[in-house]
Amino acid sequence: MANRLLQSRSNEERLKRLATAASVAVATVLVVGKIAAWLASDSVAILSSLVDSGMDLVASAVTFYAVRFAHRPPTFSHRYGHGKAESLGALVLAGFVGASAIVVCIAAVNRLIEPVTIRATELGVITM
């Protein structure tokens with residue numbers, strides 16, 4: 001029974017690691033595509049989506065490392081394990097979300113003050 005429980009936990013940890021790695025990979029592809037579309041179009045809407053995807057990438061990366069750290073066995077300095085690492089990762093992400101909101105708001109206000117013509121709209125639509 002104990003062996004089956006250990007095997008189940010091991011499998012669960014492996015699936016979590018695989019899911020976080022896939023999340024980082026997908027977010028990276030989205031960020032690269034949206035960077036290209038934003039540079040080509042100079043659209044604040046695409047910039048906003050890029051920031052959102054960038055936040056997804058940061059969240060995925062933080063989760064990727066937090067999950068690995070949280071599943072470490074207890075040590076002398078962390079007698080109850082490292083499980084709080086995931087909660088601390090969520091706190092870091094909250095800070096990034098706030099910072100990204102400020103960046104997008106500043107870009108939007110600047111664009112309202114000094115409007116520009118959007119270029120490469122087809123690429124922007126395809127990317128979105």
| query | So if you build clusters from Ile, Leu, Val, Met, Phe, Trp, Tyr with side-chain heavy-atom gaps below 4.5 Å, do Leu39 and Leu50 land together? | reply | yes
| task | Scan residues 87-107 for pairs that pass salt bridge (charged side-chain N to carboxylate O under 4.0 Å, His left out), counting only residues two or more places apart or in two chains. | result | none
| query | How would you list all residue pairs meeting salt bridge (charged side-chain N to carboxylate O under 4.0 Å, His left out) that involve residues 50-59, not counting sequence neighbours? | reply | none
| query | Quick one: hydrophobic cluster around Leu18, which other residues, with the 4.5 Å side-chain cut-off, linked directly or via members? | reply | none
| task | Check which hydrophobic residues are tied to Val26 through side-chain heavy-atom contacts below 4.5 Å, counting indirect links as well, and list them. | result | Leu30
| note | Apart from Leu15 itself, its cluster of hydrophobic side chains linked below 4.5 Å comprises none
| request: Give every residue pair that meets the side-chain hydrogen bond (donor to acceptor under 3.5 Å, both in side chains) criterion with at least one member in residues 29-39, sequence neighbours excluded. | output: Lys34-Ser49, Lys34-Ser53
| Partner residues of Arg119 under the side-chain contact (heavy atoms from CB on, under 4.5 Å) criterion, sequence neighbours left out | Asp42
| query | Residues in side-chain contact (heavy atoms from CB on, under 4.5 Å) with Ile118, at least two apart? | reply | Ser41, Ser43, Arg111, Thr121
| remark: Across all chains, not counting sequence neighbours, the side-chain contact (heavy atoms from CB on, under 4.5 Å) partners of Ala107 are Leu47
| note | Residue set satisfying side chain to side chain donor-acceptor pair (under 3.5 Å) with Ser60, at least two apart, ordered chain then number -> Ser23
| said: Which residues end up grouped with Ile106 if you chain together Ile, Leu, Val, Met, Phe, Trp and Tyr wherever their side-chain heavy atoms are less than 4.5 Å apart? | reply: Ile102
| message | Using the rule that Ile, Leu, Val, Met, Phe, Trp and Tyr join whenever any side-chain heavy atoms are under 4.5 Å apart, tell me whether Val109 and Val44 fall into a single cluster. | response | no
| task | Report the residues that fulfil side-chain contact (heavy atoms from CB on, under 4.5 Å) with Val104, sequence neighbours left out, ordered by chain and then residue number. | result | Ser48, Val51
